[in-house]
Novice: 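First, the structure itself, so that you have it in front of you.
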Amino acid sequence: LKLRGGAPFVIVRWRSCAMMVDCFDVVVVGAGISGIDAAVNLQKRCPDLSFVVLERRESFGGTWDLFKYPGLRSDSDMYTFGFDFRPWATAKPIAPAAEIKQYLQGAIDDEGLQRHIRYGHHIVRAEWFSADRRWHLLCENGYRFECWFLLGCAGYYDHDRGHEPEFPGAGRFVASGGRIVHPQKWAPDVVIKDKRVVVIGSGATAVTIVPAIASEAAHVTMLQRSPSYIIPVRNWDAVADAALKVGTSPTELHRQNRERKVAEMEQLVNSPDIARMSQEEKNNMAISFARSVLPPECMSDEEFKKHFTPKYNMWEQRVCLAPDADFFRAITKKKASIVTDAVESFDERGIKLRSGGRIDADVIVTATGLQLHANPPMATMKVIIDGSPYVGNTHVAYKDCMLSDVPNFAFIRGYFQGSWTLKADLVCAFVCRLLAHMRQHRHDVVRPRVPPSGAGSPPAMSVSAGYVLRSAHTFVSYGAGLWGPLAHYPSDKTFMEQAPIVDEALEFLSDRAPAAQRSRL
């Protein structure tokens, strides 16, 4: 065992070739929101552990580095989407991508994480060997790593491709000079100025792009098969603004704002008044918010019902936010419009609709959704455990962050119906508590085991988002109790922080290997 740059590494001989393997206690996969969160927590809570963050891209940020489409912004308030350890000290809760990247850069710089992150390291193979009780990782660039514990922070969707259904006649449209672009592949050469643009889709991406390009384009049409819930919100927090004016410290301001936003969401979802409402009443209340900023003189009742009455219930899909009603203002100013119909085909002039109508276009933006990883939560890694390939849907999630029969592995996946980072914070703290326990008791392997009686009955899935349903057959399973999903931050926080590490589900093993094969733990 030698040292290089403060990190241990070994020289491994294989056949006639010598290859260098970097060894760490923990490898974090991905330098996005979750990976940065994990790195800071490891550094603060487990200072004696060595770790590295391996990022496939050439920069940090994950989503915020990948996507380049106009208007890209957070769809959660930054008081809860930001880290618990780093203040978001402004009165503007929803932030554009550039400000989020600056925020993440500040976290990396101030916490000294640059030395821990290696860019351009795409892990393509992760193999666990019980013989030496370590993960062996191979990157696309040929670099190899070994680690005691593997922490997956690569998110849930495929960075290489979005969901791009085939549209008949697309070739004819392009051949005649038209441009088709998926938001995930937005490029600097996409010209919007004075163009007729059609945005296909009704989710958060479409609702973001439409107002962002409306002032520059000749006209923007959002073509949707069915409506989504779109709620106008003021992008200014009066309470935060008042606190800033009286000199409240950034740290205290962030703490107060975070607690307040969590309480507001809890009140919105679980207040007695809401609890007494029927599902239809809840749906209509959400729809009324849109109607309040799009009065009858701008859109008739008949048109409004057609374009703003979703076919699903509130919270079955993520709610689309319109900061300062920007989406609705584009409509009232006649810079944007909505068509609720289906695509029949593309042609040289634009889009033929199933109803028989058409929309002429110069640019078509296919905001048709995300594509989730094919083998969650392993991202693009081919995972093998003692010679057996990992298949996600054969495992059960434990505390929504570990997997049955998968040793020394945890993953971070944020809330679907809330702020991603709230859940990431909880999982990071739990993983650090777990690692500290293992060190204290000299355990070198941990894995969840489903009891003979099973994991219990899983909760009913109330999510109808297309990208979720398309990939549901690949998901890990859930049960009840320790095997249930984390979906409610206040109760999840108590559970993850106070539940004992040792329980009936976790199996711990101590090192029985020869001393020469032991990790430094």
Side-chain angles (χ1 to χ4, degrees), residues 1-12 19-66 82-87 100-124 126 134-155 159 251 379 381 408-412 421 424-425 427-429 431-436 438-439 519-521:
L1 187 70
K2 301 180 180 180
L3 290 178
R4 185 188 67 167
F9 76 92
V10 294
I11 299 296
V12 178
M19 55 188 173
M20 188 171 64
V21 180
D22 285 323
C23 297
F24 294 87
D25 297 323
V26 182
V27 167
V28 177
V29 185
I33 294 277
S34 301
I36 295 170
D37 202 354
V40 172
N41 274 270
L42 285 167
Q43 189 164 255
K44 291 182 176 181
R45 299 173 186 267
C46 301
D48 294 334
L49 295 182
S50 64
F51 71 91
V52 67
V53 181
L54 301 182
E55 168 57 51
R56 64 176 291 188
R57 300 179 63 78
E58 296 300 330
S59 184
F60 61 90
T63 294
W64 307 104
D65 182 62
L66 172 67
F83 302 120
D84 60 354
F85 57 82
R86 185 172 183 82
I100 295 174
K101 280 278 282 187
Q102 291 173 3
Y103 177 83
L104 297 178
Q105 180 72 71
I108 291 172
D109 292 343
D110 292 350
E111 302 294 338
L113 297 184
Q114 282 291 9
R115 64 192 178 95
H116 293 287
I117 303 175
R118 301 194 188 179
Y119 298 109
H121 283 65
H122 179 196
I123 304 173
V124 293
R134 295 182 73 80
W135 285 98
H136 296 244
L137 312 176
L138 173 64
C139 293
E140 194 173 47
N141 59 10
Y143 281 83
R144 295 175 181 269
F145 295 82
E146 290 182 14
C147 64
W148 171 55
F149 199 92
L150 186 61
L151 181 53
C153 299
H159 279 206
T251 299
M381 298 185 295
N408 291 22
F409 174 80
F411 66 94
I412 295 175
T421 318
D425 288 343
V427 173
C428 288
V431 169
C432 289
R433 278 208 303 139
L434 173 64
L435 297 179
M438 294 178 71
R439 281 197 51 141
S519 77
R520 68 187 189 85
L521 295 170

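Worth knowing before you read on, the calculation uses all heavy atoms, side chains too, and leaves out hydrogens, waters and symmetry mates.
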Novice: First locate atom CG of Asp48, then atom CG of Leu435, and finally report the distance between them rounded to the nearest 0.5 Å.
Specialist: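 One gets 12.0 Å once the value is rounded to the nearest 0.5 Å.
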
Novice: Short question: side chain of Asn408, backbone of Trp148 - any donor-acceptor pair under 3.5 Å?
Specialist: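 Confirmed, Asn408 side chain pairs with Trp148 backbone.
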
Novice: Show the numbers, then the answer: is there a side-chain contact (heavy atoms from CB on, under 4.5 Å) between Ile412 and Asp37?
Specialist: CA-CA 10 Å; Ile412 295 175; Asp37 202 354; 5.8 Å; no

Novice: Search all heavy atoms of Phe149 against all heavy atoms of Val431 and return the closest pair with its distance.
Specialist: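 Answer, listing the atom of Phe149 first, then Val431: CE2-CG1, 4.1 Å.
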
Novice: Classify the angle between the aromatic ring planes of Phe83 and Tyr103 as parallel (below 30°), tilted (30 to 60°) or perpendicular (above 60°).
Specialist: parallel

Novice: Can you tell me if Glu55 uses its side chain to pair, donor with acceptor, with the backbone of Ala31 under 3.5 Å?
Specialist: yes

Novice: Quick check: closest heavy atoms across Gln43 and His116, and the distance to 0.1 Å?
Specialist: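 Here Gln43 and His116 meet closest at OE1-NE2, 3.3 Å.
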
Novice: Which heavy atom of Asp25 sits nearest a heavy atom of Ser50, and at what distance?
Specialist: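 Residues Asp25 and Ser50, closest heavy atoms: OD2-N, 2.7 Å.
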
Novice: Of all heavy-atom pairs between His159 and Thr63, which one has the smallest distance, and what is that distance?
Specialist: CE1-N, 4.5 Å

Novice: Step by step, work out the side-chain contact (heavy atoms from CB on, under 4.5 Å) result for Arg134 and Cys23.
Specialist: CA-CA 10 Å; Arg134 295 182 73 80; Cys23 297; 3.9 Å; yes

Novice: Tell me, please, which residues at least two apart from Asp425 pass salt bridge (charged side-chain N to carboxylate O under 4.0 Å, His left out).
Specialist: Arg258

Novice: Looking at every non-hydrogen atom in both residues, tell me the closest pair between Arg45 and Pro47 and how far apart they are.
Specialist: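 Heavy atoms of Arg45 and Pro47 come nearest at C-CD, 3.4 Å.
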
Novice: Could you tell me the separation between the CZ atom of Arg144 and the NE2 atom of His121, rounded to the nearest 0.5 Å?
Specialist: 13.0 Å

Novice: Under 4.5 Å between any side-chain heavy atoms of Gln114 and Asp109, yes or no?
Specialist: yes

Novice: Are the side chain of Asp22 and the backbone of Phe145 linked by a donor-acceptor contact shorter than 3.5 Å?
Specialist: no

Novice: Say you draw a straight line from CG of Asp84 to OG1 of Thr421; how long is it, rounded to the nearest 0.5 Å?
Specialist: 9.5 Å

Novice: Which atom pair, heavy atoms only, marks the closest approach of Val28 to Ala38?
Specialist: CG1-CB, 4.2 Å

Novice: Taking the basic N atoms (NZ, or NE/NH1/NH2) and the acidic carboxylate oxygens, is any pair closer than 4.0 Å for Glu140 and Arg56?
Specialist: no

Novice: Before giving the answer on side-chain contact (heavy atoms from CB on, under 4.5 Å), spell out for Arg439 and Cys46 the whole-Å C-alpha distance, their side-chain angles and the decisive distance to 0.1 Å.
Specialist: CA-CA 10 Å; Arg439 281 197 51 141; Cys46 301; over 6 Å; no

Novice: Would you say Cys147 and Val26 make side-chain contact, with heavy atoms under 4.5 Å?
Specialist: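 Cys147 does not reach Val26 side chain to side chain.
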
Novice: Taking side-chain contact (heavy atoms from CB on, under 4.5 Å) as the criterion, tell me which of Ile33, Val53, Leu104, Asp65 meets it with Phe60.
Specialist: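 Per the side-chain contact (heavy atoms from CB on, under 4.5 Å) rule, the option paired with Phe60 is Leu104, out of Ile33, Val53, Leu104, Asp65.
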
Novice: With rounding to the nearest 0.5 angstrom, report the CE to SG distance, Met381 to Cys139.
Specialist: 10.5 Å

Novice: Measuring from atom CZ of Phe24 to atom CG of Leu54, what distance do you get when rounded to the nearest 0.5 angstrom?
Specialist: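 Rounded to the nearest 0.5 Å, the CZ-CG separation comes to 8.0 Å.
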
Novice: Please assess Leu151 against Phe51 for the test side-chain contact (heavy atoms from CB on, under 4.5 Å), listing each intermediate value before the final yes or no.
Specialist: CA-CA 10 Å; Leu151 181 53; Phe51 71 91; over 6 Å; no

